[in-house]
2 protein chains.
Amino acid sequence: MKGGGGVLTERQFEVVFSVVYEYIQTGEPAGSRTISKKYLPGNSPATIRNDMADLEEMGYFYQPHTSAGRLPTSRAYRLYVDSVIQRRRPAPAETEMWKREIREQKQGVDAILTYVSQLLGKATNCVGVAALSALEGIELQRVSFVRLGGTTVMVLIVLEGGLVHHANIQLPCELSQDTLDELGRKISTVAAGHAWGEVRDALFNFVFDGLERVWDTCRDALTQIDAILNKRSSRLFVGGAQHILNLPDFQDIGKFQTVLSVLEQEQALAEMVERYSIDQGVSVTLGEEISEEMKDCSLVLVPSQGYGMKTILGLIGPLRMDYEKSISILESIAEDLDDSLAN
Amino acid sequence: MKGGGGVLTERQFEVVFSVVYEYIQTGEPAGSRTISKKYLPGNSPATIRNDMADLEEMGYFYQPHTSAGRLPTSRAYRLYVDSVIQRRRPAPAETEMWKREIREQKQGVDAILTYVSQLLGKATNCVGVAALSALEGIELQRVSFVRLGGTTVMVLIVLEGGLVHHANIQLPCELSQDTLDELGRKISTVAAGHAWGEVRDALFNFVFDGLERVWDTCRDALTQIDAILNKRSSRLFVGGAQHILNLPDFQDIGKFQTVLSVLEQEQALAEMVERYSIDQGVSVTLGEEISEEMKDCSLVLVPSQGYGMKTILGLIGPLRMDYEKSISILESIAEDLDDSLAN
DNA sequence: CATTAGCACTCCTTTGAGGCGAGTGCCAAT
DNA sequence: ATTGGCACTCGCCTCAAAGGAGTGCTAATG
């Protein structure tokens, strides 16, 4: 065999690629005859068979039973996906329609992201995910405090795009609502129109006129706001889960149930999305690379930072996903989202 | 045949009840022999058969094929459920544990209701639903406004229990952030500690010192807040959807897919919950009584108004639900929720 | 007249054998 | 190194037969 030591010959690569492609298209194990006829007509089935046997030994394929065709292993998927990612992809035909539909969502970032996650699901037959992360990079509009009783205070943070974030904090000493209002007003005056990251230091050094007496408490409040805004991936939108039931891969109830239970763990899901996304461009994470639970799924993510907001869009679908199509849809919708957020 | 004109004899009722019960327990069509032996040992299978034939004619049963047992129609379910609702139900054994677990959720009403909906799902193998409605009855803590630009203003309403509600409104004329702050402060002063319903009229007649110049605009803001708080069922929590896949009834992917698509329509679902719940006590709505889409499901709801908040807890499950168990679990958890909200 | 035992009949479900076909592995020829 | 040929494997489909649960009907019974 050629290409020992893990390096594949040109033809071997073509065989792997074709088998994965064929399997993605048909859902059936691919045989040597089919590959020869459809993808490598210059080579006879016997030649392909020999390569396939070698490639199986190298861990790219496996057979569900002796007399069946080959199925790709995750190693084969990895090779395929890496190759697909590098190619140029045509933009999907529906781009214009999506752009228009996304633009029509006017009721704030929440609504847009909910809509986008559902749209992703519908368009790809996968589960759509939209995560909003790194809140500290988004422009602030307003910070205010509501006294809930004792030293418990609710912090309300309004961010650019109508995004509202709230959390309860404990202050070291009790402040009146008037004092809290004053503090909120002063913070807002300094911070409005800037990202938290930009004004954090300034605020910590800021002398709040009239609040010197409670300086420590104010600092404490700022520290806690800092913690809230630094918490990553704080908003997650999931949509279109019903569509993956259209796929033959999830006819098996057990598999789908696993996915569903993952989807309900918002926190864990958010961390997963955060962990596997890369700074720029599409990332694909396959089955076992994610976790035992997700072994039948793959996770396609693309980050985008339009308009000061760092969002991550993603798909959760079967390993046997049409990566080419899914990735181009995902990229296209990510772009539409950026456009939409920018107005 | 006895009991013509739609009135059932005692025994006929028993037969209907037993068939439904047996079907709920086993998931199999019930035959005359089984019913005779297990539920009506004083009567021979032949007698039961005669009754069954009559009852089938009356629309209580149908047969999947000639030589199979009987299955209940929705008419039979209705009879069964109405009878079950009236009986006394034993409290489930896990009550204490649930109460403790619900109490441990400290992070506000949102978190409690999310948790409760998931708990409901897990405990009953149905989809758990928790709706928070009639916000106008909940005590207000704070109202404030954030200027988003032009005449667009965000209203932030903080309710008792750390519930935050926000919406964007359009005002007839532009106000500065300072003016908006002043308005928010004045409204809050009047309204804090009261339900909107109590102070609505007072607020409309209130003269906002220093804001006379923008009196009309203030009134408009109040009107819009009124609309926001009157919108029914404004928060909905759904949880535990994965559990209904444990049930044999949802092994059919198509059925589950329908349910899932209903669950993703938050608005429609909220209206459904609102419409079918009754003022007091458990209500059960069956399949076709709800909608064509939900023909294989039943909806069990129980309202509770502890602590000024009107909540509705519910289950969405198969028609072949163990109503006795589900209802007692639902009632028990509703009670635990009330307790938990009251502290 | 309601109830019951007996019995023929229906129809679904399971089981097993046989044939088909897709696909492989290996060998010998090119 | 590549290819054609060939025997072999194994899942899947079909078909017929057997099995069984349940019914409807009829005639007997208290």
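By convention in this document, chain letters (A, B, ...) are assigned in the order of the sequence lines, proteins followed by strands, and residues within each chain are numbered from 1. All heavy atoms count here, side chains included; hydrogens, waters and symmetry mates do not.
- Nucleotide C/dA2 holds its P atom 11 Å from the CG atom of B/Asp54, rounded to whole Å.
- Side chain of B/Asn50, nearest nucleotide from D/dT3, D/dT9, C/dT4: C/dT4.
- Closest to the A/Ala53 side chain, of the nucleotides C/dC11, C/dG25, D/dT3, is C/dG25.
- Straight-line distance from the CD1 atom of B/Ile48 to the P atom of D/dG24: 13 Å, rounded to whole Å.
- Counting any heavy atom pair closer than 4.0 Å across all strands shown, A/Ala68 reaches sugar-phosphate atoms only and no base atom.
- Side-chain contact between B/Asp322 and B/Gln25 is present, with at least one heavy-atom pair separated by less than 4.5 Å.
- Distances shorter than 4.0 Å separate some side-chain N or O of A/Thr47 from OP1 or OP2 on D/dT3.
- Between B/Ser67 and D/dT23, a side-chain N or O to OP1/OP2 separation shorter than 4.0 Å is absent.
- Using cut-offs of 30° and 60° on the angle between ring planes, the pair A/Tyr80 and A/Tyr21 is tilted.
- When the P atom of D/dT3 is taken as reference, atom CG of A/Asp51 falls 10 Å away, rounded to whole Å.
- Contact annotation: A/Arg11 reaches the phosphate of D/dT2 (side-chain N/O to OP1 or OP2, under 4.0 Å).
- Nucleotide C/dG23 holds its C1' atom 17 Å from the OH atom of A/Tyr23, rounded to whole Å.
- Surrounding CD of A/Gln251 are more than 12 heavy atoms belonging to other residues, nucleotides or ligands, all under 6.0 Å away.
- A straight line from CG of B/Leu55 to P of D/dG24 spans 12 Å, rounded to a whole angstrom.
- Comparing B/Gly42 and A/Gln63 by the nucleotide of DNA chain C that holds the closest heavy atom to each, the one mapping nearer the 5' end is B/Gly42.
- Dashed line: the shortest gap from a side-chain N or O of A/Arg70 to OP1 or OP2 of C/dG25 is under 4.0 Å.
- The backbone N or O of B/Asn43 sits nowhere less than 3.5 Å from a side-chain atom of B/Thr47 that would complete a donor-acceptor pair.
- Checking the phosphate oxygens (OP1, OP2) of C/dT24, a side-chain nitrogen or oxygen of A/Ser32 falls inside 4.0 Å.
- D/dG4 atom P lies 10 Å from atom CZ of A/Arg49, rounded to whole Å.
- One interatomic measurement links the two molecules: CZ of A/Arg33 to P of C/dT24, which rounds to 11 Å at whole-angstrom precision.
- Taking for each of B/His65 and A/Gly31 the nucleotide of DNA chain C with the nearest heavy atom, the 5'-most of the two is the partner of B/His65.
- Electrostatic pairing of A/Arg11 and A/Asp51 counts as a salt bridge here, judged by a charged N lying under 4.0 Å from a carboxylate O.
- At whole-Å resolution of the value, CE in A/Met52 and P in C/dC26 are 15 Å apart.
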